[in-house]
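Just so you know, these numbers use all the heavy atoms, side chains as well, and skip hydrogens, waters and symmetry mates.
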Amino acid sequence: MPGDPELAVQEPDRRSPGTMEDKRNIQIIEWEHLDKKKFYVFGVAMTMMIRVSVYPFTLIRTRLQVQKGKSLYHGTFDAFVKILRADGVAGLYRGFLVNTFTLISGQCYVTTYELTRKFVADYSQSNTVKSLVAGGSASLVAQSITVPIDVVSQHLMMQRKGEKMGRFQVRGNLEGQGVIAFGQTKDIIRQILRADGLRGFYRGYVASLLTYIPNSAVWWPFYHFYAEQLSRLCPQECPHIVFQAISGPLAAATASILTNPMDVIRTRVQVEGKSSIVLTFRQLMAEEGPWGLMKGLSARIISATPSTIVIVVGYESLKKLSLRPELVDSRHW
C-alpha cells in the first residue's frame, strides 16, 4: 500500500450533513470530521498487519524482477517453494525490519492525499482531477521518504544461501540469523555508502517517481469508477463496504498492469546499481524482450489484492467509527 496507495479515501461530500442520502450514493466523510488521534493509531496498526501478510510476495516479486530470465525461479509459486525450502519462513521476511520504517511514509501519503484533495476542491469539483493531483502529490512526498528504505530492504531481500543476486553480499553465514538481523542491515548500509556515497540511498528515485506517481494517479480514478459502477449494479440494500472492497483490488490490478514495466526497471536500477533508466530498459528488452516488462506482475497483484481489501474495509470502517455522532444517522453503510 504499502509508493503504491496504502489507504482508500472517499470523495468529499459537499451536501448538508443533516439530510438523509440516496442509499445508492457513496456517502463521504470529510478530513475534518475524523478523530485524528484514533485515525493515526489504528492506521499504523492496520498497515503493520497488512505488511506482515503481504511482505513475502513483495520479496518474491523483487527477486523475480531482478533475476536474469528464469535462471533461479520459474514463477511466483516456484519462488515461494524454493525460498521456503532453502531459508525457511525467515527467508521470506529478509529486510522486513527495515521495511517497517515505510509506515512513516504511509501516514505521510494519506495526510498529503487528504489535504491536497481539500485544496484542489476549491478549484475543481471533478473527481478525476482531484484524484490525479492528490494521488500524484501524495506519492511524491511518500517516495521521498520511502526510496532510501526500499534501497536497503531490497538488497536484504536479495540475500540467499549459495549465490549472490544483487550488488552486495552480507558477510558471514546467513543461516540461523532469523528475521531480525541488525548486523545484516548495518553491513548493507556500509557497503552502499562505500560504493555510492549518500546518493546511493536515492538510486532509482526518478524511476520510483515514474512508477508510483502514475500508479497512485491511476488507482484513485479507477477505484471511484469501479465503486460507482458496482453501486449501480448492486441492490439498494447492499452495504457500500461490499462493493468498495471489490473496487479496491480491481483498481490495484488495473494500476499494476499499467505500471509494472516501470516497476521492473525501478527495481533493477536500485538493486543492480544502474544509473540510466533508458539503458536499463534497452538492456531488458534486448535480453528478455517485451515480456520481461511483465516480470513479477502476478506476485504484485497477489500481494496487492488482500492488502487492498483489508485497507479499504479497514479504512472505511475506521472513518465510520471516527464520524461525529450527529452525522451518523445521515449516512447509509
Side-chain angles (χ1 to χ4, degrees), residues 1-7 44 47-48 50-51 54-55 57-59 61-63 65-66 94-113 116 134-159 165-168 184-219 255-256 259-281 284 296 300 303-304 307:
M1 126 265 226
D4 23 82
E6 288 285 332
L7 296 171
V44 169
T47 304
M48 176 60 78
I50 292 168
R51 290 185 184 278
V54 305
Y55 188 82
F57 292 101
T58 302
L59 181 143
R61 182 194 75 196
T62 301
R63 290 195 177 186
Q65 291 177 340
V66 171
R94 294 201 187 280
F96 178 74
L97 181 65
V98 175
N99 191 263
T100 57
F101 285 98
T102 57
L103 291 173
I104 299 171
S105 65
Q107 299 308 304
C108 291
Y109 176 95
V110 72
T111 302
T112 303
Y113 179 86
T116 304
S137 300
S139 283
L140 176 62
V141 173
Q143 285 306 304
S144 298
I145 301 170
T146 300
V147 169
I149 302 170
D150 268 351
V151 168
V152 176
S153 65
Q154 283 174 345
H155 281 297
L156 289 169
M157 290 178 190
M158 293 299 101
Q159 305 305 311
M165 288 190 70
R167 293 173 67 202
F168 307 122
Q184 292 183 24
T185 302
K186 190 175 180 180
D187 192 22
I188 288 294
I189 291 174
R190 285 176 175 173
Q191 291 184 55
I192 294 173
L193 281 172
R194 279 198 299 267
D196 303 320
L198 290 175
R199 292 181 62 184
F201 293 101
Y202 274 90
R203 185 177 292 279
Y205 177 65
V206 174
S208 292
L209 295 182
L210 294 177
T211 300
Y212 290 114
I213 289 179
N215 185 85
S216 182
V218 167
W219 190 93
S256 295
T259 62
N260 199 74
M262 198 64 228
D263 190 44
V264 175
I265 294 171
R266 174 194 66 85
T267 303
R268 291 204 169 194
V269 167
Q270 291 179 335
V271 174
E272 297 181 353
K274 300 182 183 297
S275 58
S276 171
I277 295 174
V278 175
L279 291 179
T280 302
F281 171 76
L284 180 63
R300 189 178 179 191
S303 66
S307 64

**Item:** Pair Thr259-Arg300, side chain to side chain donor-acceptor pair (under 3.5 Å): steps then yes or no
**Value:** CA-CA 11 Å; Thr259 62; Arg300 189 178 179 191; 3.0 Å; yes

**Message:** Let's go through Met157 and Val66 carefully: what are the C-alpha distance in whole Å and the side-chain angles of both, what is the deciding distance for side-chain contact (heavy atoms from CB on, under 4.5 Å) to 0.1 Å, and is it a yes or a no?
**Reply:** CA-CA 11 Å; Met157 290 178 190; Val66 171; over 6 Å; no

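A side-chain N or O of Tyr109 and one of Ser216 form a donor-acceptor pair less than 3.5 Å apart. Side-chain contact of Tyr202 with Ser144: a donor-acceptor pair under 3.5 Å is absent, judged by distance alone.
Between Gln65 atom CD and Gln154 atom CD the span is 8.5 Å, to the nearest 0.5 Å. Going from atom CG of Asn215 over to atom CE of Met262 covers 12.5 Å, rounded to the nearest 0.5 Å. Once rounded to the nearest 0.5 Å, the distance linking CZ of Arg268 with OG1 of Thr280 reads 8.5 Å. Note that OH of Tyr205 is 10.5 Å distant from CG of Leu210, once rounded to the nearest 0.5 Å. Remark: Leu284 CG to Leu279 CG distance equals 12.5 Å, nearest 0.5 Å. Atoms CG and CZ, on Leu59 and Arg61 in that order, are 10.0 Å from each other to the nearest 0.5 Å.
Residues Leu97 and Thr185 are not in side-chain contact: their nearest non-hydrogen atoms beyond the backbone lie 4.5 Å or more apart. Counting only heavy atoms from C-beta outward, the side chains of Asn260 and Thr211 never approach each other to under 4.5 Å. The shortest side-chain heavy-atom distance between Met48 and Leu103 falls under the 4.5 Å cut-off. Within the 4.5 Å cutoff, side-chain heavy atoms of Thr47 are placed close to those of Gln107. Annotation: side chain of Arg203 is not in contact with side chain of Arg199 (no heavy-atom distance under 4.5 Å). Contact check for Phe101 versus Ile145: no side-chain heavy atoms found under the 4.5 Å cut-off.
Between Ser208 and Gln143 the shortest heavy-atom distance is CB-OE1, 3.5 Å. Scanning both residues, Leu193 and Phe201, for their nearest heavy atoms gives CD2-CE1, 3.4 Å. Closest of all the heavy-atom pairs between Ala134 and Thr116 is CA-CG2, 3.6 Å.
When the options Ile192, Ile189, Thr146 are evaluated for a side-chain contact (heavy atoms from CB on, under 4.5 Å) with Val151, the one that passes is Ile192. Applying the side-chain contact (heavy atoms from CB on, under 4.5 Å) test between Asn99 and each of Thr58, Leu156, Asp150 identifies Asp150 as the sole match.
A salt bridge links Asp263 to Arg266: one of the charged nitrogens lies within less than 4.0 Å of a carboxylate oxygen.
Here the side chain of Ser139 pairs a donor or acceptor atom with the backbone of Tyr212 at under 3.5 angstrom. Of the possible polar contacts, one joining the Tyr55 side chain to the Phe96 backbone as a donor-acceptor pair under 3.5 Å is found.
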